[in-house]
Amino acid sequence: MAAELTAHELIAAHRPTLDQALEAIRTRAYWSPHPEHPKAYGENGSLDMAAGKAAFDALLGSRLDLGQPGTDDWVGGEVSPYGIELGVEYPHADLDVLLPAMKAGQKAWRDAGAEIRAVVCLEILKRISDRTHEFAHAVMHTSGQAFMMAFQAGGPHAQDRGLEAVAYAYVEQVRTPDTAEWTKPQGKRDPLALTKRFTPVPRGIGLVIGCNTFPTWNGYPGLFASLATGNAVLVKPHPRAVLPLALTVQVARSVLAEAGFDPNLVALAAERPGEGIAKTLATRPEIRIIDYTGSTEFGDWLEANARQAQVYTEKAGVNSVFVESAGDYKGMLANLAFSLSLYSGQMCTTPQNLLIPRDGIRTDEGPKTYDEVVTDIARAVDGLLGDDARANALLGAIVNPDVKARVEAAAGLGEVALASREVTNPEFPGAVVRTPVLVKLDGAKPDDEAAYMSECFGPVSFAVAVDSAADGVELLRRTIREKGAMTVGAYTTDEEVEQAVQEVCLEEAAQLSLNLVGGVYVNQTAAFSDFHGSGGNPAANSALCDGAFVANRFRVVEVRREA
C-alpha cells in the first residue's frame, strides 16, 4: 500500500520527542510532552473541551466499524457507572480469520526497524493526544472516574506511559548493532572473517487484556511495548470498558495504514455478554505475549496456563501505610485523606491497611493515642469530602456492584471509625457514589487478620493496631511477602524505623513513599521517573516500565556469512 506518511516525515516529526523520552528515562527527572490542563487543547488540530464532548456524544448509540477481517457479529452493552447506556456496538471477531490476518503484516513491520516502529507509535500517541477530551469522556463513562481524573489519568498520564514503553523498547532493540565485522587472528594463517547481521524479531501476537478501572493507563504500556518491538497486538477490553480501547485501536489502525503498514497489526477482540473469551485467547498458539491487569485469581491462572506466551501481570495486593510518628501531623492527615478518597479507593495503589502502634505515636503536636490518630484520619476524610460537589469531583462513581457490596459489608468487620455515606451526583442521578469507610482492627487478633490480610478493593481501609514499631515493621514485611503490595507508605521521624522500613521494602521488592505531606500521594506515580510495581512481590510480575518489561517481547536473530 502507498504510504501517506513517509519515514522521513515521521522521523522529522517524532525523533526529537523520542530523544527527550530517552533522556527522561535516563535521568528520571520530570518531563511530559502531554499537557495535563484541559485548556491546553484546541489548537493545531486537537479537540477542545466542547469539541471533545461533542465527539463523545456522537459515538453514543453508534456502530464503531474498524474494518477488521473476520467480523461475524456486533456486540455492545456498556452502561456508564454514571447511569447512562452508551449503546456503542463493536465488531465481534472470528478468531480463525482475524489472527492469521494479523500475522500477515508482521514481516514488513519487523523489517521496518526499531526507529520506524517507534516513530509510528509516537504518531499514534500524538493523534490520541489530540483527542484527549473525547477519550476523557470515554474513560469517565466506562471506569466511573470523575472527569478531571479521567482526563488526566486516562489522557496525558496514559499517553506518557505508552511513550515510556516505546522508549524502553527502542533502547533494548538498539542495544545490539545491526551489523558487525568479525575477525579472529589465526597466527601465520589468514584470519577468520565473518560479516554478521542482527535483527530483532517479534515473538508473535501480543494480547492486551484490559481492565475496567484504568483501561488506557494500564492498557497502553503493554500495547505499545509489544507494537514497538515488532509484534501485532490484539486488544481484548474489559466488557464494561470497551470504548476507550476501541478508539485506541481505531487510531492505531488508521496511522499504520497511512504509514504503509498493514492496519491489522492492531485489532480489537470485543465479546458477547458472558462469552469470556480471555481464556480462549490466552491459550491460542498464535498468542505469544500477554499483558493483564486485574484479579489475582485470573492473573495466577494466566501465569499457570498460558504456557506458550510471555505473561506480564499486574494483579492485586494489600497496600499498607505504617504510621510510627509524624513530623507534620496535619500534613500527614491531609495526605492520607486524599489518598484514601481519590477515585473511591478503586486504584491498585490505594492504601488499605494503616498500621498504627496501639500505644500511639509522637507528632509535632505532641503525643497522639491510637484512637486519636484514627479519629483524626476519619475527621480529615470527612472534612475533605464534606461538600458534595467536591466529593463527587474526587470520588467519581463506584465502578461495579461488587465494590458497593464490599463497602456495605465492611461495617461488620470491626468497630467503624468512619462510616461510608451516600453522595448524590446532581448531574448523573444514576451514579452510585460512596465515601470511604474506615474500620478499626487489632493486629494481634487472629479473627481480624482474615480481613486486613485480604484485598478489599474499593473505598475500604483498616486502622490496624500493632503492639510496637517492630511489630508494625514485621507485619508490613509479612503482608508484602504473602499478599504483595503495589505501594507502601510510611510516616516516621525515627531514623532506625525509617531504615527498618526501607530494608523491608528492598528485601521484599516493594515501592516505598516516605513522609508524604504535600501534593504527591502514595497512590500516584509519574511516568519516566517512578516505577509502577516492581515485579518482585506477589502483586505483579512486572514493572511499568523498565527494561525487563520490553526486552523479552522480541529476540535477536543473527545471520552470519564469510566476509
Side-chain angles (χ1 to χ4, degrees), residues 143 153 161 165 206-223 225-226 235-241 245 276 278-279 281-283 287 289-307 309-320 343 345-353 399-400 402-403 406 450-458 460-461 476-488 505 508-512 522-525 530-546 548-549 552-553:
S143 70
R161 283 296 184 191
L207 173 66
V208 175
I209 303 176
C211 69
N212 195 173
T213 48
F214 288 89
T216 56
W217 199 98
N218 279 110
Y220 284 5
L223 192 167
S226 287
V235 179
K236 205 296 291 181
H238 190 282
R240 287 192 291 263
L245 290 178
K279 283 188 175 182
L281 280 170
T283 51
I287 300 299
I289 303 164
I290 298 174
D291 287 276
Y292 168 75
T293 300
S295 71
T296 298
E297 180 182 12
F298 190 58
D300 289 345
W301 186 92
L302 287 170
E303 291 171 4
N305 291 279
R307 308 297 295 176
Q310 292 291 318
V311 179
Y312 299 89
T313 60
E314 182 193 314
K315 298 177 288 190
V318 175
N319 303 318
S320 301
Y343 185 32
Q346 297 171 126
M347 303 171 69
C348 63
T349 50
T350 300
Q352 175 178 300
N353 294 343
V399 71
N400 63 51
D402 292 341
V403 176
R406 282 193 286 272
Y452 68 74
M453 286 294 280
S454 300
E455 188 202 22
C456 195
F457 184 76
V460 178
S461 54
L476 177 65
R477 179 192 300 277
R478 186 161 66 89
T479 304
I480 301 169
R481 180 174 294 174
E482 295 180 13
K483 301 298 179 180
M486 292 300 294
T487 58
V488 174
C505 290
E508 305 300 332
Q511 312 294 13
L512 172 63
V522 66
N523 41 355
Q524 297 173 322
T525 58
D530 295 322
F531 293 108
H532 176 73
S534 70
N537 69 63
N541 74 0
S542 57
L544 306 180
C545 186
D546 60 6
F549 184 70
N552 217 9
R553 295 171 191 261

Tell me whether [X] contacts the main-chain N or O of [Y] through its side chain, where contact means a donor paired with an acceptor under 3.5 Å.
| X | Y | value |
| --- | --- | --- |
| Q346 | V399 | yes |
| N541 | G535 | no |
| T487 | T349 | yes |

To the nearest 0.5 angstrom, please state how far the [atom1] atom of [X] sits from the [atom2] atom of [Y].
| X | Y | atom1 | atom2 | result |
| --- | --- | --- | --- | --- |
| N319 | M347 | CG | CE | 10.5 Å |
| L544 | T525 | CG | OG1 | 8.0 Å |
| F531 | S542 | CZ | OG | 12.5 Å |
| I209 | I287 | CD1 | CD1 | 9.0 Å |
| S226 | I290 | OG | CD1 | 10.5 Å |

Side chain proximity check, [X] to [Y], heavy atoms < 4.5 angstrom:
| X | Y | result |
| --- | --- | --- |
| Y312 | I289 | yes |
| L476 | T479 | no |
| Q310 | R553 | no |
| V488 | V522 | no |

- Any luck finding a side-chain donor-acceptor pair between S320 and R477 under 3.5 Å? no
Exactly one of L223, D291, L207 clears side chain to side chain contact (heavy atoms under 4.5 Å, CB included) with V235, and that residue is L223
Excluding sequence neighbours, so at least two apart, what forms side-chain hydrogen bond (donor to acceptor under 3.5 Å, both in side chains) with [X]?
| X | answer |
| --- | --- |
| Q352 | none |
| T216 | none |
| D300 | K315 |
| R240 | N212 |

Quick one: list whatever passes ring pair (Phe, Tyr, Trp, His ring centres under 6.0 Å) with [X], sequence neighbours left out.
| X | value |
| --- | --- |
| Y343 | F214 |
| F298 | Y292, W301 |
| H238 | none |

By side chain to side chain contact (heavy atoms under 4.5 Å, CB included), A316 pairs with (sequence neighbours left out) T296, E455
For S534, the side chain to side chain contact (heavy atoms under 4.5 Å, CB included) test, sequence neighbours excluded, returns A509, Q511, N537
So N305 and K279, side chain to side chain contact (heavy atoms under 4.5 Å, CB included) or not? Walk me through it. CA-CA 9 Å; N305 291 279; K279 283 188 175 182; over 6 Å; no
Suppose we screen for salt bridge (Lys or Arg N to Asp or Glu O under 4.0 Å). Which residues come up paired with [X], at least two apart in sequence or across chains?
| X | result |
| --- | --- |
| R478 | E449, E482 |
| K236 | E271 |
| D530 | none |

Nearest heavy-atom approach of G484 to P538 is CA-CD, 3.7 Å
Run T313 and E303 through side chain to side chain donor-acceptor pair (under 3.5 Å) and show every step you take.
CA-CA 8 Å; T313 60; E303 291 171 4; 2.6 Å; yes
